[in-house]
Amino acid sequence: MKAEEIIVYMESLRDDEQRLVLMSFFKTAPGEYAEGDEFLGIKVPQTREVVKHTWQNLPLCEVPHLLMSRWHEVRLCGLLIMVEKFERASTKRLANDPEARRQREEILAMYLHYAHRANNWDLVDMSAPKILGRWIVMEGGDETLIDALASSPDLWRQRISMVCTLTTSQAGDPSWCLRMAERHLHHPHDLMHKAVGWMLREMGKRVGMDFLRDFLRQHIHEMHRTTLRYAIEKMSNDERHYWMTL
């Protein structure tokens, strides 16, 4: 199978009415964070169906053709195909298999090389935890690599460095989330305020609320209010009120 076949098929699913809805929702107007992004108007379940029927037959070398597409949904398709391939090479049975490890490294390298093509929050959020985050958990991680993403001038690479910590928190390790949250605490963009708060909330829920409370005590007076609201969302009404009024 070739990437071009997938692109032609997805273009045939174009829905101009839905396209306008998505372009508004994902902020593609001049001056907005996704200025110029183009949509076909395909809903995510439709894209997942395409992935379901193609990922096993599409060679990895074809995926960059999808990632370089002008169409948002085609790029999502490419990212989700990478997720499927990475997960297939990450089963418990294959965790220490040399060939599977080589495949994981190849997929990760491709993901990082084309990270700029995950250029909207949904593209990042549906791929970073399952590729980069999973890789950190399996291989012990690489702080230099994550720091490079966090230091990038590219908003989407920065979001990848934060959102990938969902998986490390799910695995019971709060350190990656806490480190990246502190790193991005003064980020100027609303999308990062939300990402930091979301990851802190998930870290607290999955690892322990005391880790979240300790972070809040240390940083409460320098956190953006959006970050704080997201971080405390699952707390009781009384505790949320306490943190919001400090």
Side-chain angles (χ1 to χ4, degrees), residues 33-34 79 82-83 86-87 90 104-105 107-235 243:
Y33 60 74
L79 290 165
M82 293 175 73
V83 166
F86 194 91
E87 290 185 337
S90 302
R104 294 194 299 269
E105 295 289 340
I107 295 166
L108 177 68
M110 180 178 290
Y111 182 68
L112 295 173
H113 182 76
Y114 290 96
H116 64 291
R117 301 301 293 165
N119 56 347
N120 214 314
W121 58 264
D122 62 319
L123 304 180
V124 170
D125 297 356
M126 284 192 271
S127 60
K130 293 185 176 182
I131 297 178
L132 180 55
R134 180 67 173 152
W135 176 81
I136 294 171
V137 170
M138 294 187 72
E139 304 298 337
D142 183 342
E143 290 185 357
T144 303
L145 187 157
I146 307 302
D147 285 344
L149 289 167
S151 299
S152 169
D154 179 62
L155 172 64
W156 309 113
R157 285 187 170 92
Q158 294 166 4
R159 188 171 172 103
I160 286 171
S161 74
M162 188 70 247
V163 174
C164 74
T165 69
L166 176 62
T167 312
T168 55
S169 294
Q170 289 171 337
D173 182 356
S175 64
W176 293 88
C177 174
L178 294 171
R179 186 167 180 271
M180 284 297 104
E182 191 168 36
R183 178 74 177 266
H184 292 302
L185 203 59
H186 302 108
H187 198 286
H189 204 290
D190 182 62
L191 284 177
M192 288 302 295
H193 302 157
K194 292 175 179 177
V196 172
W198 171 32
M199 289 301 102
L200 285 170
R201 182 185 73 219
E202 293 301 309
M203 182 276 301
K205 182 173 71 174
R206 296 170 186 276
V207 186
M209 292 300 290
D210 285 342
F211 288 104
L212 175 55
R213 293 184 182 108
D214 287 345
F215 187 90
L216 294 178
R217 290 187 192 101
Q218 185 176 355
H219 299 290
I220 187 70
H221 296 298
E222 55 182 320
M223 295 176 71
H224 194 278
R225 301 302 279 181
T226 298
T227 300
L228 178 59
R229 283 194 295 270
Y230 270 63
I232 64 177
E233 190 174 38
K234 299 301 182 181
M235 292 180 175
W243 291 113

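Atoms considered below: every heavy atom in the structure, side chains included; atoms not considered: hydrogens, waters and symmetry mates. This structure is a prediction, so every number in the text was calculated from the model and none was measured.
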Side chain to side chain donor-acceptor pair (under 3.5 Å) assessment of Ser151 paired with Arg157: CA-CA 9 Å; Ser151 299; Arg157 285 187 170 92; over 6 Å; no
Quick check: do Arg213 and Ile232 have side-chain heavy atoms less than 4.5 Å from each other? no
How long is the gap from CG on Leu178 to OG on Ser169, to the nearest 0.5 Å? 7.5 Å
Once you round to the nearest 0.5 Å, how far does CG of Leu145 lie from SG of Cys164? 9.0 Å
Step through the shown structure and confirm whether more than 12 heavy atoms of other residues, nucleotides or ligands are within 6.0 Å of OH on Tyr33. yes
Heavy-atom closest contact (Trp156 atom, Ala118 atom, distance): CB-O, 3.4 Å
Under 3.5 Å, is there a donor-acceptor pair between the side chain of Thr227 and the main chain of Gly197? no
Please assess Met138 against Ser90 for the test side chain to side chain contact (heavy atoms under 4.5 Å, CB included), listing each intermediate value before the final yes or no. CA-CA 8 Å; Met138 294 187 72; Ser90 302; 3.5 Å; yes
Quiz question: by atom type and distance under 3.5 Å, do the side chains of Arg179 and Thr165 form a donor-acceptor pair? no
Glu222 side chain near His219 side chain, heavy-atom distance below 4.5 Å: yes
Going by the angle between their ring planes, with limits at 30° and 60°, are His224 and His193 parallel, tilted or perpendicular? parallel
Under a 4.5 Å cut-off applied to non-hydrogen side-chain atoms, are Met126 and Val83 in contact? no
Would you give the length of the straight line joining atom CE of Met223 to atom CD of Glu182, rounded to the nearest 0.5 angstrom? 11.0 Å
Distance-minimising heavy-atom pair for Asn120 and Ala34: ND2-CB, 3.2 Å
Start with the C-alpha gap between Leu79 and Ile131, add the side-chain angles, then the distance that decides, and say whether side chain to side chain contact (heavy atoms under 4.5 Å, CB included) holds. CA-CA 9 Å; Leu79 290 165; Ile131 297 178; 5.7 Å; no
Can you confirm whether the side chains of Tyr111 and Trp135 place a donor and an acceptor under 3.5 Å from each other? no
As a quick check of understanding, evaluate side chain to side chain contact (heavy atoms under 4.5 Å, CB included) for Phe215 and Leu200, giving each step before the final call. CA-CA 9 Å; Phe215 187 90; Leu200 285 170; 3.6 Å; yes
Can any side-chain N or O of Asp173 pair as donor or acceptor with the backbone N or O of Ser175 at less than 3.5 Å? yes
Less than 4.5 Å apart, side chain to side chain, heavy atoms only: is that true for Ile146 and Ile160? no
Verify whether one side chain among Ser152 and Asp154 offers a donor that lies under 3.5 Å from an acceptor in the other. no
Does any non-hydrogen side-chain atom of Arg201 lie less than 4.5 Å from one of Leu212? no
Output, in order, the C-alpha distance, side-chain angles, deciding distance and verdict of side chain to side chain contact (heavy atoms under 4.5 Å, CB included) for Val196 and His187. CA-CA 10 Å; Val196 172; His187 198 286; over 6 Å; no
Side-chain donor-acceptor contact under 3.5 Å, Gln158 with His184: no
Return the minimal non-hydrogen interatomic distance between Leu216 and Leu228, and the atom names on each side. CD2-CD1, 3.9 Å
Answer yes or no: is there a side-chain heavy-atom contact under 4.5 Å between Leu166 and Arg206? yes
Which atom pair, heavy atoms only, marks the closest approach of Thr167 to Pro129? OG1-O, 2.5 Å
What distance separates Gln170 CD from Arg134 CZ, expressed to the nearest 0.5 Å? 10.0 Å
Check whether any side-chain heavy atom of Glu202 lies under 4.5 Å from a side-chain heavy atom of Cys177, and answer yes or no. no
Would you say the side chain of Met180 lies within less than 4.5 Å of the side chain of Asp147, judging by non-hydrogen atoms? yes
Starting at CH2 of Trp176, measure out to OG of Ser161 and round the result to the nearest 0.5 Å. 11.0 Å
What distance separates Leu132 CG from Phe86 CZ, expressed to the nearest 0.5 Å? 8.5 Å
What is the ring orientation for His116 with Tyr114, classed by angle as parallel under 30°, tilted 30 to 60°, or perpendicular over 60°? parallel
